Amino acid sequence: MTLQEEIRKLKEERDAIILAHNYQLAEVQAIADFTGDSLELARRANEIDKRVIVFCGVYFMAETAAILNPDKTVLIPDPQAGCPMADMITGEQLRTLKAQHPGAKVLCYVNSTAEVKAESDLCVTSANADKVARSLPPETEIIFVPDQHLGGFTADHLGRKFILWPGYCPTHAKLTVAAIEKARAEHPGAEVMVHPECAQPIRDAADQVLSTGGMCRYAKESATKQFIVGTELGILYRLRQENPGKEFFVLQENAICPNMKKTTLEKVLWSLRDLQTPVLVEEPIASRARRAIEAMLAIR
Ligand code: 13P
Ligand code: SF4
């Protein structure tokens with residue numbers, strides 16, 4: 001039996017579903033029941049009728065699925081797959097910041113720990129940050145954690161000033177304006193898509209600033225035939241699969257998130273076989289974090 005066949009067999013036996021983020025290895029995306037961005041995965045995790053969820057992504061994503069599904073078993077094939085950005089702010093640091101700005105509301109990027117979510121009013125993802133921020137009255141002071149770039153991008157859209165935490169994504173921090181200029185010279189006519197986790201000069205040099213799910217939709221719907229892709233390379237698999245008539249060029253070959261690559265097919269198999277590693281979130285953190293996630297999911 002191939003690894004893929006073994007995984008499919010075990011998945012049935014365990015009554016499990018496999019969810020994968022757009023940055024996962026191609027072979028992991030290929031075996032998944034559903035692949036998407038952080039928002040799509042959170043929504044999907046909220047609608048599952050299986051007993052077990054195998055989450056192929058980074059820890060905060062599996063944690064979000066576990067918080068939304070306290071009665072299910074949520075497994076992460078490699079519990080060492082963390083997100084450095086999520087670890088750039090602690091619950092204690094956020095409590096201190098809140099104390100300095102009494103009355104402010106906290107918007108927290110889902111790329112954060114459960115403890116930080118528990119201290120927040122609303123979660124956001126890169127796909128809905130504008131919409132969620134607009135749900136707050138214009139006079140409300142907004143603290144945005146932990147990503148300074150998604151926070152700054154959202155504040156600019158709203159024409160507001162947020163209190164930003166200086167967190168960032170080390171993978172998107174590698175992207176440069178010089179690389180965009182070089183890629184444009186090599187592929188005139190191609191549209192440049194970058195992720196809002198990129199710093200402002202990169203966003204300004206691009207044509208489109210989109211979440212990974214937004215990139216997938218945009219590439220399908222746009223009349224453009226060539227794209228330069230400025231985000232983690234895992235997304236190239238899906239973009240190419242879904243758009244056989246279009247061309248996708250990598251902005252930078254080093255745009256790799258090592259944590260997203262920790263999940264392999266072998267680990268998915270062992271995860272299903274041994275029911276490892278369950279993601280557990282303690283109370284009252286789980287309930288408080290659920291409030292912030294559900295408040296976000298209620299905004300359509
Ligand atoms: P999205 O897929 O939600 O755009 O997020 C990107 C990311 O960095 C996830 O870690
Ligand atoms: Fe975290 Fe960046 Fe990796 Fe996403 S790509 S998981 S934000 S380090």
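Each ligand, and each atom within it, is numbered from 1 in the order the structure gives. Remember, it's a predicted structure, so these values are computed and weren't measured experimentally. The basis for the numbers below is simple: all heavy atoms, side chains too, and nothing from hydrogens, waters or symmetry mates.
At a cut-off of 2.8 Å, Cys83 is not counted among the residues with an N, O or S atom near atom 3 (Fe) of ligand 2.
On a distance-only criterion, His172 and ligand 1 share no N/O pair closer than 3.5 Å. Any N or O atom pair closer than 3.5 Å counts here, and Thr125 shares no such pair with ligand 1. Polar contact check, Ser211 against ligand 1: no nitrogen or oxygen pair lies under 3.5 Å apart. Between Thr212 and ligand 1, a contact under 3.5 Å exists for at least one N or O pair. An N or O contact shorter than 3.5 Å links Ser126 to ligand 1 by distance.
Under the 6.0 Å cut-off for aromatic ring centres, Phe153 and His157 qualify, their centroids lying closer than that.
Taking the six-membered ring where tryptophan is involved, the planes of Phe144 and Phe162 are essentially parallel, since the angle between them stays under 30° and well short of 60°.
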Could you check Thr231 against Met193 for side chain to side chain contact (heavy atoms under 4.5 Å, CB included), going step by step and ending with a plain yes or no?
CA-CA 8 Å; Thr231 192; Met193 304 191 286; over 6 Å; no

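If you number the atoms of ligand 1 from 1 as listed, the ones under 4.0 Å from a heavy atom of His195 come out as 1 (P), 4 (O), 5 (O), 6 (C). For ligand 2, the atoms closer than 4.0 angstrom to any heavy atom of Glu197 are 2 (Fe), 7 (S). Each of the following atoms of ligand 2 lies closer than 4.0 Å to a heavy atom of Cys169: 2 (Fe), 5 (S), 7 (S), 8 (S). Less than 4.0 angstrom separates some heavy atom of Pro84 from each of these atoms of ligand 2: 8 (S).
At distances below 3.5 Å, at least one donor-acceptor pair connects side-chain atoms of Lys131 with backbone N or O atoms of Arg300.
Not close to ligand 1: Glu232, with no non-hydrogen atom less than 4.0 angstrom away.
In this model, no donor atom of one side chain and acceptor atom of the other lie less than 3.5 Å apart for Gln29 and Tyr237.
Under 4.0 angstrom from ligand 2, there are no non-hydrogen atoms of Glu232.
From the protein, the heavy atom lying nearest to atom 3 (Fe) of ligand 2 is Cys257 SG, 2.4 Å.
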